[in-house]
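The structure under discussion appears below in the form of structure tokens.
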Amino acid sequence: TKQKEKNTPNKVVCGYPISIFFIIVNEFCERFSYYGMRAVLVLYFKYFLQWDDDLATSIYHTFVALCYLTPILGAIVADSWLGKFKTIIYLSVVYAIGQVAMAVSAMHDITDSDRDGTPNNMTFHVVLSMVGLFLIALGTGGIKPCVAAFGGDQFDDHQERQRRTFFSVFYLCINGGSLLSTIITPILRGQTCGIYSQQKCYSLAFGVPAALMVVSLVVFIAGSGMYYKAKPEGNIMLSVCKCIGFAIKNRYRHRSKAYPKRKHWMDWAEEKYDRLLIAQIKMVLKVLFLYIPLPMFWTLFDQKGSRWTLQATTMDGNFGQLVIQPDQMQTFNPILILTLVPIMESVVYPLIKKCGFNFTPLKRMTVGMFLAALAFVCAGVVQLQIDKTLPIFPSTSESQLKLLNMGNNQLEVHLPNNFTVNLPPAQILCSKHLYCRFVNGLATNVNVSTAAVDFGIIEPLTSSNYSLLKNGKHTFNLKSGSQSCEYTIKFGFGSSYTIFIPSTFTFGPNCQESITEVEEIKPNSIHMALQIPQYFLITAGEVMFSVTGLEFSYSQAPSNMKAVLQAGWLLTNSVGNFIVLIVAEIAKFPKKWAEFFLFASLLVAVCVIFSIMAYFYTYIDPMEIEAQFSQEKDEDEEDEDEKDKMRKTEEQMVKRDSVKSNDSDNAFKLSKM
């Protein structure tokens with residue numbers, strides 16, 4: 001049993017160390033903070049920073065890739081230098097600073113000098129958000145491998161059952177935090193806020209996760225006096241890297257044909273490292289070789305937070321009484337995980353086994369990859385339907401002309417190439433902008449406002465700026481001097497309107513009848529419910545691929561090498577996100593459906609390669625191999641002991657012979673004398 005540090009109280013509640021309750025609350029708040037911020041991130045890039053879809057996708061996946069790279073750094077720092085407790089504290093502070101920086105970067109009023117709702121110094125917001133994201137990636141990744149392991153350290157060896165229960169609750173908190181945050185933060189984002197002008201409240205959507213991260217840090221520090229804090233004992237990953245490096249260098253030194261070949265290239269490390277360690281590394285390398293095709297699965301999987309969310313912005317989220325925001329569609333993933341995991345484990349897998357089919361872990365992973373490819377086929381089909389309803393915008397080599405007749409009579413407009421347009425009074429032609437604006441055709445100023453947006457005073461024969469409004473019914477208040485008029489209109493998802501106040505407009509009870517609204521862009525007509533099949537398929541694929549993959553990896557690796565495999569698994573996720581970055585920036589598909597089908601095709605190809613690799617893979621029992629080496633080591637030690645005994649016996653015999661020889665010599669000398 002491990003010995004607790006001195007002066008560390010061992011307080012227990014219901015058989016559990018009281019310290020773990022602080023760790024569980026800490027994890028729930030931290031996961032809420034991370035997934036809440038990440039849920040609205042790609043829309044923040046698109047609508048606040050005004051980036052195009054490709055740039056928004058690239059930066060999003062760069063951030064996710066960093067989040068899966070930094071755990072390796074965090075594990076090394078914790079095991080070799082600071083220890084888990086200090087690593088969690090220090091990196092949580094960095095994490096919280098990053099979240100606060102993101103919240104501040106989303107405050108448009110900071111640089112909105114002309115108070116029109118748009119930041120005037122976008123560089124400030126971009127730089128601050130990038131610094132915030134880097135700090136968040138460093139923090140969340142750095143503490144990822146430490147918190148669960150630190151919780152496990154709180155239990156004594158005889159508390160194995162309580163430790164298993166703790167890990168179950170721990171991972172439930174991860175999914176619970178993810179589920180709640182992906183529901184709540186999009187709602188917060190949908191609110192309007194601001195000092196001078198009301199805009200979408202990204203600062204609130206980032207501010208709440210920042211507050212939760214501060215709460216997470218405070219709760220963790222509050223339990224400081226109750227934790228068992230194991231001292232750093234060195235990181236196995238460093239030992240593995242050194243051993244592999246020595247084997248490569250030694251093999252290169254002995255590359256001449258004069259030296260005999262060895263069975264495995266890792267055997268060249270035998271001059272310096274223990275044979276058991278070399279055998280364990282061989283087992284790990286065998287599994288890591290199977291990891292080579294796996295990044296492509298994560299390439300597709302993590303796009304549910306980028307491409308799929310952007311796809312949802314062009315769809316109708318009206319579910320009757322419930323209106324779903326585009327970034328809330330991600331909520332289906334944690335809901336389906338909590339549903340599908342027990343169904344797979346207790347119904348699907350046992351049923352397949354009863355049918356006599358040997359559904360090995362590698363076969364499950366192959367099926368999971370195929371399901372993810374099918375999910376992207378579904379996404380591509382949905383995108384084809386969306387494209388049929390989208391407006392056609394001018395290309396980079398084209399321009400757009402807008403004609404507005406503010407008079408009382410029809411106008412005939414002659415355009416180049418003998419093109420003639422008849423424009424009725426109080427009508428607009430060829431407009432392709434977003435959102436909503438008002439055009440004042442009166443000879444006097446008109447003040448237009450609604451509960452969400454104040455369009456301000458619109459001068460005669462001019463128009464207001466376009467303003468972003470929530471879908472649904474809105475009532476506008478039009479004022480000119482002491483006169484007023486209430487005008488009500490219902491907006492659909494993704495629609496755009498110019499509302500024209502004609503010169504014939506008069507205030508009064510029937511004032512609404514003379515106002516003309518021009519629907520420049522029709523509302524989204526493809527329903528968000530069509531995304532549910534692709535979310536179901538990608539989540540089923542995740543359950544079969546990710547959960548099974550970790551289970552397989554752990555079963556095929558020695559107990560002291562599980563951290564190495566965890567690092568390798570996270571690395572596949574990171575590489576997968578970098579692949580998205582490359583495709584988004586280099587391929588530049590004009591049609592998104594083509595990109596979805598490309599990713600599906602690539603994963604099917606990788607799926608075939610992986611299935612061939614899996615076919616030739618031989619399952620091993622690491623404990624049995626380690627036991628054999630231990631037995632051989634014991635036998636070698638026994639042989640050494642026997643040799644030592646024989647050596648000592650021979651030495652004693654030599655000494656006795658030497659003594660006898662001396663005695664006979666002395667006797668000879670005496671007799672001679």
Q | is_close_aromatic(Phe545, Trp298), centroid dist under 6.0 Å | A |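 So the answer is yes for these two rings.
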Q) Quick one: are the ring centres of Tyr202 and His108 less than 6.0 Å apart? A)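 They do not qualify: ring centres at least 6.0 Å apart.
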Would you confirm whether [X], through its side chain, and [Y], through its main-chain N or O, come within 3.5 Å as a donor-acceptor pair?
X      : Y      : value
Thr192 : Lys200 : no
Gln191 : Ile187 : yes
Ser216 : Leu212 : no
Asn524 : Met315 : yes
Thr309 : Lys304 : yes
Ser495 : Pro523 : no
Ser546 : Val543 : no
Ser601 : Phe597 : yes
Thr140 : Ala137 : no
Ser574 : Ala65  : yes

Using side-chain heavy atoms (C-beta onward) and a distance below 4.5 Å, is [X] in contact with [Y]?
X      : Y      : answer
Val547 : Glu542 : no
Tyr466 : Ser496 : yes
Val100 : Phe206 : no
Met365 : Met544 : no
Phe610 : Leu294 : yes
Leu69  : Phe578 : yes
Ile579 : Leu602 : no
Leu570 : Ile72  : no

Within the 3.5 Å criterion, strictly below it, is a donor on [X] or [Y] matched to an acceptor on the partner's side chain?
X      : Y      : result
Asp302 : Asn577 : yes
Tyr95  : Glu30  : yes
Ser33  : Gln99  : yes
Tyr291 : Ser553 : yes
His474 : Thr488 : no
Arg437 : Ser463 : yes
Gln311 : Gln534 : yes

Q: Please assess Ile59 against Leu581 for the test side-chain contact (heavy atoms from CB on, under 4.5 Å), listing each intermediate value before the final yes or no.
A: CA-CA 8 Å; Ile59 300 301; Leu581 168 65; over 6 Å; no
Counting only heavy atoms from other residues, nucleotides and ligands, does the tally under 6.0 Å from [atom1] of [X] exceed 12?
X      : atom1 : answer
Lys286 : NZ    : yes
Phe536 : CZ    : no
Phe589 : CZ    : yes
Phe134 : CZ    : no

Would you please classify the geometry between the [Y] ring and the [X] ring as parallel, tilted or perpendicular, with 30° and 60° separating the classes?
X      : Y      : answer
Phe301 : Phe297 : parallel
Phe332 : Tyr535 : tilted
Tyr617 : Phe552 : perpendicular

Q. Below 4.0 angstrom, N of the basic side chain to O of the carboxylate: do Lys592 and Asp54 qualify?
A.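 A salt bridge is present here (some side-chain N lies under 4.0 Å from a carboxylate O).
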Q) Are the charged groups of Asp327 and Arg38 less than 4.0 angstrom apart, N to O? A)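 Salt bridge absent between Asp327 and Arg38.
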Minimum-distance pair of heavy atoms, taken over all atoms of [X] and [Y]:
X      : Y      : answer
Met329 : Met528 : CE-O, 3.5 Å
Trp593 : Gly380 : CB-O, 3.6 Å
Phe599 : Val583 : CZ-CG1, 3.5 Å
Pro293 : Met613 : CG-SD, 3.6 Å
Leu128 : Ser105 : CD2-N, 3.6 Å
His61  : Ser306 : NE2-OG, 2.7 Å

Q | NZ or CZ of Arg364 within 45° of Tyr349 ring axis and under 6.0 Å | A |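 Cation-pi check for Arg364 and Tyr349: passes.
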Nearest 0.5 Å, what's the [atom1]-[atom2] distance between [X] and [Y]?
X      : Y      : atom1 : atom2 : answer
Ile183 : Thr331 : CD1   : OG1   : 5.0 Å
Thr618 : Gln556 : OG1   : CD    : 9.5 Å
Leu530 : Gln383 : CG    : CD    : 12.0 Å
Met369 : Leu603 : CE    : CG    : 5.0 Å
Leu300 : Phe376 : CG    : CZ    : 4.0 Å
Ser129 : Leu49  : OG    : CG    : 5.0 Å

Q: Go through Glu517 and Tyr497 one step at a time and tell me if the side chain to side chain donor-acceptor pair (under 3.5 Å) criterion holds.
A: CA-CA 7 Å; Glu517 64 259 358; Tyr497 291 85; over 6 Å; no
(Q) Under the criterion side-chain contact (heavy atoms from CB on, under 4.5 Å), I'd like the reasoning laid out for Tyr615 against Leu362: C-alpha separation, chi angles, the key distance, then a yes or no. (A) CA-CA 9 Å; Tyr615 178 79; Leu362 291 178; over 6 Å; no
(Q) If the test is side-chain hydrogen bond (donor to acceptor under 3.5 Å, both in side chains), which one of Thr539, Thr182, Asn175 qualifies with Asn333? (A)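 Output: one option passes, namely Thr539.
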Q: Please step through side-chain contact (heavy atoms from CB on, under 4.5 Å) for the pair Leu180 and Phe28, ending with a clear verdict.
A: CA-CA 10 Å; Leu180 285 176; Phe28 175 83; 3.7 Å; yes
Q | Test side-chain contact (heavy atoms from CB on, under 4.5 Å) applied to Phe45 and Gln50, step by step | A | CA-CA 6 Å; Phe45 291 155; Gln50 299 175 4; over 6 Å; no
(Q) Which residue is it: Tyr44, Trp51, Phe48? I am looking for the one with a ring pair (Phe, Tyr, Trp, His ring centres under 6.0 Å) to His125. (A)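 Answer to the ring pair (Phe, Tyr, Trp, His ring centres under 6.0 Å) test with His125 among Tyr44, Trp51, Phe48: Phe48.
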